[in-house]
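What you see below is based on every heavy atom in this structure, not just the backbone, and it leaves out hydrogens, waters and symmetry mates.
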Amino acid sequence: MTLHKEGFKTIVIALVLFALVNIASYSLIGGTISHIVLFVTGVVTFMVVNFFRSPNRHFVRQEGAIIAPADGKIVVVEEVFEPEILKQKALQVSIFMSPLDVHINWYPVSGEVKFSTHQKGNHKKAYLPKSSTENERSTVLIETKKGTKVLVRQIAGAMARRVVCYSEEGQQIEQSSQMGFIKFGSRVDLFLPIGTQIDVKLKDKTIGGQSILGWLK
């Protein structure tokens, strides 16, 4: 287990801030209250460090398979109309990441990045349907070597304040390599062609880079 590069700055700021808080607490107050402050800041520091963990995994790479882009829980499996990029019907599979999940995102398929954009927006709870179109988000359109288009959308949640996406248009990407990171609670939507075989159902748990969500035709 290592720390992700996106967390270095946040962790350093937290450590410095909490150190100053504890120094001030022991200098000005002391006693039981200072011990409580130390305990609380210690717990919060552990949570921040744990959030930015980067697990060592054996990543799955298999042609035709759709690999989970995130750790979390399946909250949507349904046919929808995607109005922004595809502008057609698609199968939507959404994964909700709680603050306790690993928040790295991985590419579900290999191919070429045809489109990549970041849009500012609201910070509603990520499990709500409208978060897909109203929250801050990054959207990436991938075309596989067989010409199949897969849309991946990183969505900021109520706690999330930054969506990081490493994708660039024209980039050749490999399945299960890192796509980005979402800080503090979020969701990832996949929009797949109609007729795609889906092997997961609502409330199923996923492991990013390992769980197979289904198969492209």
Side-chain angles (χ1 to χ4, degrees), residues 60 62-111 113-144 146-160 163 165 167 173 175-176 179-180 182 185-217:
V60 175
Q62 189 166 346
E63 185 175 354
I66 305 158
I67 307 300
D71 288 13
K73 180 174 68 174
I74 300 291
V75 292
V76 175
V77 180
E78 64 181 6
E79 183 177 313
V80 299
F81 182 84
E82 200 291 308
E84 294 187 5
I85 310 300
L86 298 175
K87 298 181 180 179
Q88 63 183 29
K89 288 185 177 181
L91 285 176
Q92 179 180 339
V93 179
S94 298
I95 300 171
F96 174 73
M97 295 177 283
S98 78
L100 298 178
D101 289 314
V102 172
H103 272 59
I104 303 170
N105 299 144
W106 295 271
Y107 290 108
V109 296
S110 298
V113 176
K114 290 294 185 180
F115 181 81
S116 179
T117 185
H118 180 88
Q119 295 170 275
K120 295 183 178 180
N122 299 321
H123 291 88
K124 296 179 179 179
K125 294 179 180 179
Y127 58 79
L128 296 175
K130 288 187 177 181
S131 67
S132 183
T133 55
E134 296 183 4
N135 280 19
E136 179 184 348
R137 59 202 181 276
S138 286
T139 304
V140 177
L141 180 63
I142 304 167
E143 185 175 300
T144 69
K146 292 186 177 181
T148 303
K149 292 181 179 179
V150 175
L151 192 69
V152 189
R153 180 167 290 145
Q154 299 169 283
I155 303 169
M159 294 176 63
V163 176
C165 184
S167 301
I173 53 93
Q175 186 180 54
S176 295
M179 173 182 166
I182 313 178
S186 45
R187 161 177 160 170
V188 176
D189 288 350
L190 287 180
F191 295 91
L192 307 161
I194 298 296
T196 298
Q197 177 183 325
I198 304 298
D199 292 339
V200 292
K201 59 185 183 300
L202 293 178
K203 298 184 179 181
D204 280 356
K205 294 288 187 178
T206 62
I207 300 175
Q210 290 187 342
S211 300
I212 296 179
L213 304 181
W215 301 84
L216 297 173
K217 294 182 65 176

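Here the straight-line distance linking atom CD1 of I198 with atom CD of Q92 works out to 11.0 Å at 0.5 Å rounding. Considering CE of M179 and SG of C165, their distance stands at 4.5 Å, rounded to 0.5 Å. With rounding to the nearest 0.5 Å, the separation of OG in S98 from CZ in R187 is 14.5 Å. Atom NZ of K114 and atom CG of L151 lie 14.5 Å apart (nearest 0.5 Å). The structure places CG of D101 at 10.0 Å from CD1 of I95, a figure rounded to the nearest 0.5 Å. With rounding to the nearest 0.5 angstrom, the CZ atom of R137 is 4.0 Å from the CD atom of Q119.
Counting only distance, with no hydrogens or angles, the side chain of T206 and the backbone of A70 share a donor-acceptor pair below 3.5 Å. Remark: side-chain polar atoms of Q175 are paired, donor with acceptor, to backbone N or O of Q62 under 3.5 angstrom. With D71 contributing its side chain and G208 its backbone, the two residues share a donor-acceptor pair below 3.5 Å.
Considering only heavy atoms from C-beta on, Q154 stays 4.5 Å or farther from S186 through its side chain. For the pair P108/L190, a side-chain contact is recorded, criterion being any heavy-atom separation below 4.5 Å from C-beta on. Residues H118 and V163 are in side-chain contact: their nearest non-hydrogen atoms beyond the backbone lie under 4.5 Å apart. Side-chain contact between P193 and T148 is present, with at least one heavy-atom pair separated by less than 4.5 Å. F115 places a side-chain heavy atom less than 4.5 Å from the side chain of I85. In this structure, the side chains of E79 and I194 come closer than 4.5 Å at one or more pairs of heavy atoms. The closest side-chain heavy-atom distance from D189 to V76 is not below 4.5 Å. N105 is listed as a side-chain neighbour of M97, based on a closest heavy-atom distance under 4.5 Å.
Residues L91 and G195 approach most closely at CD1-N, 4.1 Å, considering heavy atoms. Considering all non-hydrogen atoms of both residues, P69 and L213 come closest at CD-CD1, 4.0 Å. When every heavy atom of I207 is checked against every heavy atom of S211, the shortest pair comes out as N-OG, 2.8 Å. Contact record, V77 with L202: N-CD2, 3.9 Å, taken as the closest heavy-atom pair. Of all the heavy atoms in F191 and V80, the pair that sits closest is CE2-CG2, 3.8 Å. Across all their heavy atoms, Y107 and S167 have their closest contact at OH-OG, 2.6 Å.
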* To do: Go through the steps for T139 and V152 under the test side chain to side chain contact (heavy atoms under 4.5 Å, CB included), then give the verdict.
  => CA-CA 6 Å; T139 304; V152 189; over 6 Å; no
* Asked: Do V109 and I67 pass the side chain to side chain contact (heavy atoms under 4.5 Å, CB included) test, and can you show the C-alpha distance, the side-chain angles, and the key distance before you say yes or no?
  -> CA-CA 7 Å; V109 296; I67 307 300; over 6 Å; no
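Checked against side chain to side chain donor-acceptor pair (under 3.5 Å), S110 has no partners two or more places apart in sequence or in another chain.
Electrostatic pairing of K146 and E63 counts as a salt bridge here, judged by a charged N lying under 4.0 Å from a carboxylate O.
The one candidate from L192, L86, L141 that meets the side-chain contact (heavy atoms from CB on, under 4.5 Å) condition with V150 is L192.
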